[in-house]
Structures are given as C-alpha cells and as structure tokens.
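The block underneath contains the structure these notes are about, expressed in structure tokens.
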Amino acid sequence: MKLRFWSWLFGLLIICILFVIKLQQDGVIETNIMALLPETEQQPEINNLASEFINKNNARAVFLLGNKDKKIAIKVAEEFSHKLRQSRLWKNTVLRHDRTQQQAYYHFYYPYRYQRLTASQQQALKSRTLAGWEQAIQQQLLNPTQMVSSRLLQSDPLLLFNKQLQHLSPATSTQLTLIDDLLMVEAKGVYYVLVSSEVTFDVFNLKLQHQAVMSIERWVKVLQDQYVSTEAIYSGVLFHAEAGARDAQSDISFISIISIIGIIVLTSIIFRSLQPIGFCLLTISIGILVAFTLTSYLFDKVHWLTLVFGASLIGISVDYTFHYFTARQAEAVNFSSKRVIQQIAPAIGLGMLSSVIGYIPMMAAPFPGIVQIGFFSASGLLAAFLTVILFLPYLCQQPSNNTGFLNLQYLRVLHQYHLHCASKKSLWGVLILCLIGALALFINLPVNDDIRLLQQLSPERQWHDQQLKTLTGKNAISQFYIVTANTEEQLLQKQEKLLVALAPLIKKEVLGHASSVVQWVPSKQQQTTNLKLLRLKMSPEQLSVLLDKLGFTTEAKQKTLVDYQSQLKISSPEKDSDASSLLTMHHWLASPVSQYMSNLWLGKYTQGYAAVIQLTDVHDLAALRHLTDKDSGIFFISKADDITAVLSRYRQLIVKLALMAYLFIYIFLGWRYGWLKALFIMLPPLSAALSAIALVGTFVQPVNLFNILAFILIMGIGIDYTLFLQEDKKRQLSTYVAILLSAGTTVLAFGLLSLSSTNAVQTFGFTVLIGILLAFLWAPCSLRKNIRRCFSDSDVTQNDMKQQAKRCSV
C-alpha cells in the first residue's frame with residue numbers, strides 16, 4: 001500500500017513541476033473561440049491565407065474621441081493618440097492625414113491618370129460628344145468648390161484626376177470628413193475625431209489583451225475627468241476577446257466557488273465531519289491539476305471553454321471519495337481501510353471505465369474542441385480515481401468517530417421508499433412513457449448549430465460597435481473573397497471581372513461595398529484598354545478641337561497635346577516594352593500610398609498569387625457563393641457561416657459516435673453481467689439522456705452539438721448510479737447515500753453551468769441538470785425484481801420498510 005502511495009505521490013510531484021513550468025509560458029489559456037473548431041473544408045493553403053488576412057484585421061482597433069467643443073475633441077484625440085504611440089502594446093497609430101500624405105497620393109497617381117479611368121469616366125468616353133465634354137469641363141471651371149486652375153486644366157485637360165483621387169481618399173465610403181488633416185464626424189452636436197491603431201501582440205493573448213484594454217479604459221477615464229463631456233467609442237476584436245475572456249473567468253470562478261461551497265454544505269450535513277470535505281477538495285484539485293497539465297502539454301493551450309466544462313469535474317470526481325467515506329462510516333466497527341477499498345473498487349472502477357468509454361467518441365472526433373474537452377474530462381476522472389484508490393486507504397486508516405448519516409432517519413426512509421417504488425411497475429411505466437415521448441419529440445426537434453452560440457457578445461461591446469457603424473458608416477468585416485491565380489496579372493484581371501459581377505448585387509443592396517487592390521492598381525490589360533479607349537474616343541485630333549473650344553492658346557495647346565500623346569504611347573500588355581508607363585503592384589506596395597489597402601494583397605503563396613476582395617453589409621450569402629462556381633480559383637470566406645455548417649455535420653457525426661459509445665458500454669456490461677441484465681442497466685440512463693434533450697430542445701433552446709455532448713455525459717454518469725447499485729448486493733444505505741451525494745453535487749455543478757453567459761454552456765448545463773435528476777430517479781429500476789429479496793439485508797429496519805411499502809402502494 002505504501003509503495004503505491006509513494007509512486008502516485010511521485011507522479012503528482014512530476015505533474016506539479018510540469019504545471020509550474022507551463023505556467024511560466026505566455027498564453028497557456030486560449031480565448032480564441034475559433035481554436036475549438038475544425039478547419040473548414042477549403043484547401044489548406046486557402047485556410048492559411050484566410051487566417052493571415054483575418055489575423056491582420058483582428059489586430060486593428062478604431063477609436064472615436066468626441067466632445068461638444070470641436071477644439072477640445074481634437075485635443076483629446078491628440079493626447080489619446082500620444083498615449084497609444086508611447087505604449088509598447090500599440091503600433092501604427094494614425095491620427096492626422098497630413099498634407100504630405102495627400103501630396104503623396106497626388107505625386108504617385110498623377111502620372112497614371114490616363115491608365116486609371118473610373119467606370120463613370122469610361123462610360124463618359126464612350127457616350128459623350130465633344131460638346132458634352134466642353135459643357136462638363138465648363139461646369140467644373142465655374143464651380144467654386146472644384147478649385148480648378150488653368151495650370152491644372154493644361155496638365156489634365158479632361159479633368160480626370162480629381163475624380164480619381166476622390167475614390168482614393170481614406171474617408172471613401174464612410175460618413176467621415178477630412179478636416180484640418182483629421183477624419184471627423186459630427187452627430188447631435190458632438191464632434192468626433194477618428195484614431196486608428198494596431199496591437200503588437202496576438203489579440204487572444206490573455207495577459208496582454210487584458211493589459212491593453214485596461215490601459216485604454218484608464219486613459220479614457222483620465223481624459224473624461226480632465227475634459228468634461230468627453231465621449232469615447234472604440235471597437236475591435238481585441239475588446240470582444242477581452243470581454244469574452246473576462247466573462248469566462250467569471251463563470252469559472254463562480255461555478256467553482258459555489259460548487260465547492262455546496263459540496264462543503266452537503267458533506268457537513270451527511271458526515272458531520274470536516275475530514276471528508278478536505279479529501280473531497282483534494283480529489284477535486286488533483287483531478288483538475290492533472291487534467292489541466294496533461295491537456296496543456298498535449299494541445300499546447302487549454303481553451304477557456306474547456307475549463308468551464310472542466311469545472312464540472314467538481315460535481316463528478318467527488319463521487320469516488322463519497323463512496324469511500326460512506327463505506328468507511330458504515331464499517332465503524334472493525335474498520336479496515338484495505339477492506340473498504342476492496343469493497344468499493346469494483347463499483348467505482350466500473351463507473352470510471354464506463355465514463356472513460358463514454359468519452360472515447362469525443363476524443364476520436366475530428367474536432368479539436370471536443371477532443372480537448374473529452375481528454376480533459378477523462379484524464380481528470382482517472383486521476384481522481386487513482387487518488388481515491390491509492391491515497392485514501394493510506395491517509396484514512398482510522399474508523400469514523402461518528403455514525404453520521406446512519407442516524408439521519410429521513411435518509412433511511414428515502415432510501416427504502418425509493419428502492420421499493422422502483423420495484424413497482426409505476427416507475428417503470430413512467431420511464432417507458434418518457435422514452436417513447438422523447439423519441440416522438442425527436443422527429444421535429446428544432447436544431448441550431450450557429451457558431452455564435454459559443455460566445456455571447458458583451459452588450460457593452462455591441463453598443464460600441466453599433467455606435468461606430470452609425471457614426472462612420474463602417475461595419476466589421478466578416479465575409480470576403482480570396483482570389484488566386486498563377487501570375488499577378490491574371491490575379492488582377494480575375495478580381496476586375498469579379499467586381500463587375502458584384503456591381504449588380506451592390507445596386508440591389510444585396511451587398512454594401514466591395515474593396516479590392518484593383519481599385520488602386522488596375523491590371524496591365526485594363527490600363528492598356530483605358531489608353532486604347534482614349535485613343536479611340538479622344539484622339540489627339542479631337543482633343544485639339546476641344547482645347548480650341550476651351551480657349552487654349554496655341555502654345556498651351558501644343559504643350560498639352562505633346563504630353564497627351566506621350567501618355568498614350570504604349571504597347572499591348574503582352575509586350576512590356578513600355579513597362580515604366582504602367583502602374584505595377586510592386587511600385588504600389590513600395591509606396592506609402594498603399595498603407596491603407598495593402599492588407600488586401602496576400603502576394604505569392606505555394607501555388608501562385610492571392611488577394612482579398614473585402615465585403616461589407618452582406619445580406620445574401622447564397623448569391624455571393626454562387627459567383628465562385630464560375631472559377632475554381634475564387635473562394636468565398638464567411639468564417640462563422642462556414643464553421644456553422646461544419647458544426648452541423650459534426651453534430652450528426654457525434655450522434656453516430658455517441659451511439660457507438662453506447663454500444664461499446666453495452667458490450668462491456670454484457671460481458672460483465674449478461675446481455676439482458678446489461679440492457680436493464682442501460683435503460684434508465686438512456687431514457688434520462690433522451691428525455692433531457694427532448695425537453696430542452698422543445699421548450700428551452702434548439703438542439704446543438706453541446707446537447708449531444710451532454711447526452712454522452714448523462715449516459716456516463718447515469719450508468720455509474722446503476723452500476724453502484726448492481727455491485728451493492730445488500731442494498732446498503734451507505735451506497736445509496738454515496739449515489740445521492742454524487743447526484744446532488746453533479747446537479748449543483750451543472751445547474752450552475754446553466755447560469756453561464758455562454759449559450760452553449762447554458763444548454764449543456766441545463767441538459768445535464770435534467771438528465772442527472774432523471775437518471776438518479778430511475779436508477780433503482782435497473783435492479784428489477786432483486787430489490788424485494790434484498791430488503792431484509794438492508795440497513796433499514798423492517799418496520800420502516802413496511803411503512804414505506806404501504807405508502808408507496810397507496
């Protein structure tokens with residue numbers, strides 16, 4: 001006994017050392033909800049490209065600093081941006097879009113004004129007459145807001161460049177206005193100034209995300225105290241991730257603390273001693289310590305959702321401890337710790353094995369989150385089992401000093417009443433009716449596999465997002481296309497065709513806006529087409545006539561025509577003889593003008609080149625997906641919807657795996673007890689699990705993947721109850737009390753999960769809560785006719801039995 005004790009203690013010491021080493025690393029706790037999920041069924045390279053783009057967007061944050069006094073609003077924004085620049089957690093902070101940046105746009109794009117025609121300019125060239133051009137130019141000359149000078153008209157006689165430049169403004173497609181080099185918006189008498197920045201770390205790093213958000217909130221509080229009526233609106237993935245992590249930590253703390261308090265209260269009432277409480281907490285702590293350490297090394301990180309479910313181990317791992325102490329208290333005379341362990345080992349061993357078998361389908365699923373949760377639970381239960389078997393006999397060698405629950409009359413009465421009622425046909429009738437009703441409800445059971453159920457967004461953060469959208473017109477990016485091709489030129493051409501196909505959808509308001517690098521850098525083919533269109537529709541001879549009508553002098557006209565003719569001299573895109581006259585992607589990326597849109601260019605990857613077309617305000621996913629059917633190199637990415645589809649398929653897969661788990665357990669029990677008896681052992685927990693899902697799915701929330709996980713868990717725990725009763729040939733009160741305590745603590749733990757802020761956790765907890773209550777109620781049904789034969793051997797008096805049998809029959 002000592003050798004086994006010291007061996008397990010040595011193993012736990014190694015686990016503790018590994019645990020401490022792991023805690024020294026950053027980011028042991030994973031908060032990214034997507035880390036739980038399987039890869040979508042896109043090509044691996046496309047998944048990597050999508051992740052690269054998403055990570056770039058995740059790093060960005062947008063701030064609006066506002067005040068009723070415009071000057072104060074600007075001052076607040078300046079001080080806030082100064083704090084961002086000084087922090088090591090932030091980079092690329094942008095407040096002012098100074099004149100040098102605006103001039104950079106002018107100097108960079110001006111030489112390419114004839115190659116970069118907008119769609120409206122292309123249409124004008126095709127349809128306008130010379131008289132129409134003269135009228136349009138005269139209108140701009142007479143418009144005081146256009147600021148057109150004679151010098152500009154001479155260098156850009158068709159006045160093309162100003163319109164092109166407007167499409168490249170940082171405020172394009174928003175309600176923001178560039179005032180004094182600042183992007184500003186006014187609403188309800190409040191002036192808001194835009195500040196943008198990026199974090200220098202992974203936004204799902206638990207420690208750094210908390211530091212960054214806390215510093216933002218602290219800075220805002222200081223500015224609001226210093227400047228009255230200051231408002232701050234900020235949005236970004238960072239803030240949602242931090243709020244989710246904060247809620248998860250709150251859930252874990254609340255569930256763990258209340259569960260521990262509940263266990264303390266229950267054990268104090270039953271055992272009237274603090275010793276069992278200490279060993280219950282020891283078993284719980286070791287189970288979670290081992291589970292966390294092994295999971296963190298096997299999966300590198302432990303997800304917060306795994307910890308939330310892992311907190312439910314508090315309601316499970318104490319079962320084995322309860323059985324030891326109830327058996328110990330029942331054998332106060334001639335107590336032997338070795339004999340007690342030998343007495344309970346078959347029952348708790350079978351219970352542990354059946355639970356682990358129930359987790360095998362979870363660990364075999366092609367779903368990282370399910371595998372991690374299954375491994376965490378199985379390893380924790382195994383560690384708790386070994387602790388009870390190897391520690392308690394050595395640490396608790398003395399008999400109990402009090403009779404505890406043996407003197408509690410209501411427990412003895414409840415025990416006898418429950419067993420006797422189970423011997424009647426009425427309880428079996430209720431069980432069968434519930435099973436039939438559950439199967440009937442399953443036919444039309446509502447289903448919802450939406451990934452968004454996995455994370456309940458903070459109302460405060462949602463308010464900030466909505467305010468930002470209202471004030472700026474910008475929305476979060478959740479859908480986009482990844483376009484691939486063999487060469488840069490083919491990639492640009494393919495994007496141009498896709499933008500043309502998207503234009504009707506934008507007019508129908510199926511889509512709000514589409515952004516692509518080709519709006520900044522057209523393909524060589526398109527640039528050449530524009531130049532050919534100019535040569536055809538506005539030849540030098542035609543331009544000469546137009547310049548005469550506009551009143552150009554001979555000298556000015558000659559200079560303008562020479563410049564115009566030199567710009568139109570270019571070969572076909574297949575020949576790069578005049579490559580310097582074309583705008584290239586390399587040239588654009590090397591210039592500061594690409595800073596706002598360069599993230600849309602993914603560049604070279606293993607099979608060619610890739611870029612993103614960014615979409616906003618998507619209202620019809622099917623219409624956008626349909627466009628990918630025409631080209632195998634175009635991929636529509638809607639991460640949440642793609643994962644939801646995957647969840648739906650894996651829910652169906654887990655149902656099959658759960659049925660396989662039930663089959664494995666049945667074979668295992670059939671080998672132990674015989675096929676008919678094994679069927680009776682499995683029917684109560686099976687009916688309880690099906691009834692719980694049917695009730696929750698019909699009256700609470702639609703069924704999702706986590707209901708199926710609850711289905712497996714109810715089966716594993718419920719079989720423990722029937723097995724414990726089967727192994728207890730004398731139907732002793734001590735065994736019943738251990739099961740009662742086990743059910744009580746499990747109901748407490750999972751009942752608290754139903755209060756979680758995460759919908760998936762709520763559903764899981766509520767399903768298990770109902771299922772465990774039913775499993776406990778129906779557990780004695782597994783004994784069939786053997787109950788009555790064992791009443792005489794029970795530790796309840798014959799008089800109590802007769803009285804309760806009479807009450808039950810009535």
Side-chain angles (χ1 to χ4, degrees), residues 60-86 90-110 118 140 142-149 152 159 161-198 216 219-220 223-224 226-236 464-476 512-513 515 519-520 591-597 616:
R60 296 184 174 183
V62 178
F63 307 88
L64 282 178
L65 288 308
N67 197 287
K68 293 182 178 180
D69 189 319
K70 184 177 178 181
K71 292 182 180 179
I72 292 179
I74 295 173
K75 191 171 183 180
V76 168
E78 288 174 341
E79 292 187 18
F80 183 79
S81 60
H82 177 68
K83 291 181 181 294
L84 287 174
R85 293 190 183 98
Q86 286 185 321
W90 297 91
K91 64 178 181 179
N92 299 334
T93 300
V94 178
L95 170 63
R96 292 192 177 275
H97 305 267
D98 56 39
R99 296 186 181 278
T100 58
Q101 288 178 309
Q102 296 174 49
Q103 291 172 359
Y105 283 96
Y106 182 90
H107 293 301
F108 182 84
Y109 280 108
Y110 184 75
T118 65
Q140 292 188 59
L142 297 174
N143 189 339
T145 63
Q146 293 293 325
M147 302 289 289
V148 178
S149 65
L152 175 62
L159 297 180
F161 187 59
N162 275 351
K163 291 293 183 183
Q164 296 172 6
L165 204 58
Q166 288 174 10
H167 285 77
L168 302 177
S169 168
T172 296
S173 301
T174 75
Q175 299 168 16
L176 296 164
T177 305
L178 194 61
I179 302 174
D180 297 331
D181 302 332
L182 299 168
L183 286 176
M184 301 183 66
V185 62
E186 187 269 336
K188 297 180 180 180
V190 179
Y191 294 90
Y192 295 92
V193 181
L194 182 77
V195 178
S196 62
S197 191
E198 299 177 16
I216 293 296
W219 297 338
V220 168
L223 290 170
Q224 287 176 334
Q226 186 176 356
Y227 301 100
V228 181
S229 301
T230 292
E231 298 181 15
I233 299 169
Y234 38 92
S235 179
H464 278 264
D465 288 349
Q466 185 58 45
Q467 288 295 106
L468 187 75
K469 180 183 178 181
T470 301
L471 292 170
T472 67
K474 287 190 174 183
N475 203 355
H513 184 69
S515 300
Q519 295 163 328
W520 296 61
S591 169
V593 301
S594 67
Q595 63 176 316
Y596 294 108
M597 302 294 288
T616 59

Point to revise | Whether His513 side chain and Thr616 backbone form a donor-acceptor pair below 3.5 Å | key: no
**Study point:** Parallel, tilted or perpendicular: rings of Phe63 and Trp90 (30°, 60°)
**Key:** perpendicular
Point to revise | Whether Glu186 side chain and Gly189 backbone form a donor-acceptor pair below 3.5 Å | key: yes
Exercise for review: Please tell me if the side chains of Trp219 and Leu84 come closer than 4.5 Å, counting only heavy atoms from C-beta onward.
Suggested key: yes
Practice item. Any chance you could measure Ile74, atom CD1, to Lys71, atom NZ, to the nearest 0.5 Å? Key: 9.0 Å
**Study point:** Rounded distance (nearest 0.5 Å) linking atom CG of Leu65 with atom CD of Gln224
**Key:** 9.5 Å
**Study point:** side chain to side chain contact (heavy atoms under 4.5 Å, CB included) evaluation trace for Phe80 with Ile216
**Key:** CA-CA 9 Å; Phe80 183 79; Ile216 293 296; 3.8 Å; yes
Point to revise | Backbone N/O of Lys91 and side chain of Ser197: donor-acceptor pair under 3.5 Å | key: yes
Study note, to complete from the structure: Nearest heavy-atom approach of Ala73 to Gly66 is CB-C, 4.3 Å
Review point. Given side chains that start at C-beta, do those of Arg96 and Leu182 come closer than 4.5 Å, heavy atoms only?
Key: yes
Practice item. Could you check if a side-chain atom of Lys75 sits within less than 4.5 angstrom of a side-chain atom of Glu79, using non-hydrogen atoms only? Key: yes
Review point. Side-chain donor-acceptor pair under 3.5 Å between Asn67 and Thr230, yes or no?
Key: yes
Point to revise | Side-chain heavy atoms of Leu194 within contact of Val185, under 4.5 Å | key: no
Review point. Any side-chain heavy-atom pair from Tyr109 and Gln164 closer than 4.5 angstrom?
Key: no
Point to revise | Ser235 side-chain N/O to Val62 backbone N/O, donor-acceptor pair under 3.5 Å | key: no
Exercise for review: Calculate, to the nearest 0.5 Å, the distance between atoms NZ and CD1 belonging to Lys469 and Ile233 respectively.
Suggested key: 15.0 Å
Revision key, fill the gap. So OG1 of Thr93 and NZ of Lys83: to nearest 0.5 Å the spacing works out to 13.0 Å
Practice item. May I ask you to test the Val193-Leu95 pair for a side-chain heavy-atom distance under 4.5 Å? Key: yes
Check your understanding: Mind checking whether Lys70 and Ile179 have side chains closer than 4.5 Å, heavy atoms only?
Key -> yes
Review point. Are a donor atom and an acceptor atom from the side chains of Gln86 and His82 found within less than 3.5 Å of each other?
Key: yes
